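One structure below.
Just so it is clear, the model here is predicted, and its values are computed rather than measured.
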Amino acid sequence: MISEFTDAFLLEAERHAAWGAAQLEVLTGFLPEGPWSADLPTCTYRQGELELRVAVLGTYDRAERSWMWGWANPGLRGTEVVAPTAAVERYGRTHGIAELTAEILDLSGFDDPRRAAEMLAFTGMGVAEAPGYIGVPAGGDTQVYFLPDDPQVPRAGLDPVTLPRTLLTGAGLIGRSARHVVGGYFDHHGLPQRAEAGRIVADLPGGSAAEVDFDAAGRIAKVGVKVLP
């Protein structure tokens, strides 16, 4: 049983916070209303009139208050529907993040185990570079989390106008390291960036640059965009 996440996991989660929040907003707007169904052997998820290819990221057992990664599920291990999520386990081993390599995590020590499960899903989504995750009740006490693995799902773009709000929203989700939030956001968009004293500067498409300044406490103090000469 664990009662809190490790620093390594939380800092990894921070890297995906701003991008992930924006991407989940896009996915929510894309998914139609309606009942859902899934056919795991064909990696198919249906909601309303929409059909998507998906992978099983993990499952949360509300009774046991435990999380199981899709790649560790004995009924799915080695099958196509969990193949994309094996990247989460490999990343965890490479970077020494225990939460990404443990097959099952007992979350009953957390004040809010369900929120802890959502944090695992959120971070797994980011590590796998998936365009969001879909959490749905699967009968009984099980909540299953799918990763869309389909080009139909739109990707959140970088809008200089909304960039300050996006970064500040991401920085407020976990609150450990605003620098990890900002650096991770630019990494997700594949933008060259450089760290300077008290700031991160990223080159934006079209010949402009984003400048993010941090205060003495490491919080985001200012986000600006300027046209490069």
Side-chain angles (χ1 to χ4, degrees), residues 7-32 50 52 54 57 84 87-88 91 95 97 115 118-135 145-229:
D7 284 341
F9 175 81
L10 290 172
L11 290 175
E12 182 61 31
E14 288 268 54
R15 290 186 57 246
H16 310 293
W19 167 84
Q23 184 58 47
L24 285 174
E25 187 174 332
V26 169
L27 177 61
T28 299
F30 173 73
L31 291 174
L50 179 67
L52 294 174
V54 296
L57 175 61
V88 176
Y91 187 94
H95 294 86
I97 304 174
R115 186 175 185 278
E118 293 285 334
M119 179 75 79
L120 289 164
F122 183 87
T123 306
M125 169 196 83
V127 169
E129 298 186 356
Y133 69 84
I134 304 168
Y145 292 83
F146 294 103
L147 290 183
D149 184 25
D150 195 306
Q152 294 182 76
V153 181
R155 297 267 179 170
L158 189 155
D159 182 356
V161 174
T162 60
L163 182 61
R165 177 178 65 84
T166 299
L167 295 179
L168 287 167
T169 297
L173 291 180
I174 301 170
R176 300 285 289 225
S177 170
R179 277 188 170 271
H180 276 69
V181 172
V182 173
Y185 181 78
F186 292 138
D187 281 343
H188 269 289
H189 286 283
L191 299 175
Q193 59 179 291
R194 55 196 176 277
E196 300 178 355
R199 69 166 42 176
I200 290 176
V201 180
D203 298 329
L204 303 180
S208 59
E211 299 180 342
V212 184
D213 294 320
F214 303 92
D215 63 19
R219 298 168 299 197
I220 296 175
K222 179 182 177 183
V223 181
V225 177
K226 72 174 186 177
V227 178
L228 298 176

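When every heavy atom of L24 is checked against every heavy atom of Y133, the shortest pair comes out as CD2-N, 3.6 Å. L163 approaches A210 most closely through the heavy-atom pair CD2-CB, 3.7 Å. When every heavy atom of A87 is checked against every heavy atom of V127, the shortest pair comes out as O-CG1, 4.2 Å. Between G132 and P148 the shortest heavy-atom distance is O-CD, 3.1 Å. Minimum heavy-atom separation, D215 to A217: OD1-N, 2.9 Å. Considering every non-hydrogen atom in both D150 and L52, the closest pair reads OD2-CA, 3.6 Å.
If you take CG on L204 and CG on D159, they are separated by 10.5 Å, rounding to the nearest 0.5 Å. With values rounded to the nearest 0.5 angstrom, L191 atom CG is found 8.5 Å from Y185 atom OH. To the nearest 0.5 Å, atoms CD (E25) and OG1 (T166) are separated by 8.0 Å. Here Q152 contributes atom CD and L50 contributes atom CG; the two are 5.5 Å apart, rounded to the nearest 0.5 Å. In this structure, CD in Q23 is found 7.0 Å from CE in M125, a value given to the nearest 0.5 Å. D149 contributes atom CG, which lies 12.0 Å from atom CG of L57 (distance to the nearest 0.5 angstrom).
W19 is not listed as a side-chain neighbour of D187, based on a closest heavy-atom distance of 4.5 Å or more. Side-chain contact check for L27 versus P131: every heavy-atom pair is 4.5 Å or farther apart. A 4.5 Å side-chain heavy-atom check between I174 and F122 finds every atom pair outside the cut-off.
Each of L11, L10, V182 was evaluated against S177; a single residue qualifies, L11, per the side-chain contact (heavy atoms from CB on, under 4.5 Å) test.
Atom CD of E129 is surrounded by 12 or fewer heavy atoms from other residues, nucleotides or ligands within 6.0 Å. Within a 6.0 Å radius of CZ in R155, other residues, nucleotides and ligands contribute more than 12 heavy atoms.
Between the side chain of Q193 and the backbone N or O of F186 there is no donor-acceptor pair closer than 3.5 Å.
The salt bridge (charged side-chain N to carboxylate O under 4.0 Å, His left out) check on R199 picks up E211, D213, with sequence neighbours excluded. Among residues two or more places apart in sequence or in another chain, the salt bridge (charged side-chain N to carboxylate O under 4.0 Å, His left out) test is passed with R165 by none.
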Between F214 and I200, does a side-chain contact (heavy atoms from CB on, under 4.5 Å) hold up when you go through it step by step? CA-CA 8 Å; F214 303 92; I200 290 176; 3.9 Å; yes
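Salt-bridge formation is detected for the pair R15/E12: a Lys NZ or Arg NE/NH1/NH2 atom is positioned less than 4.0 Å from an Asp or Glu carboxylate oxygen.
In this structure, H95 and Y91 have parallel ring planes: the angle between them is below the 30° cut-off, well short of the 60° mark.
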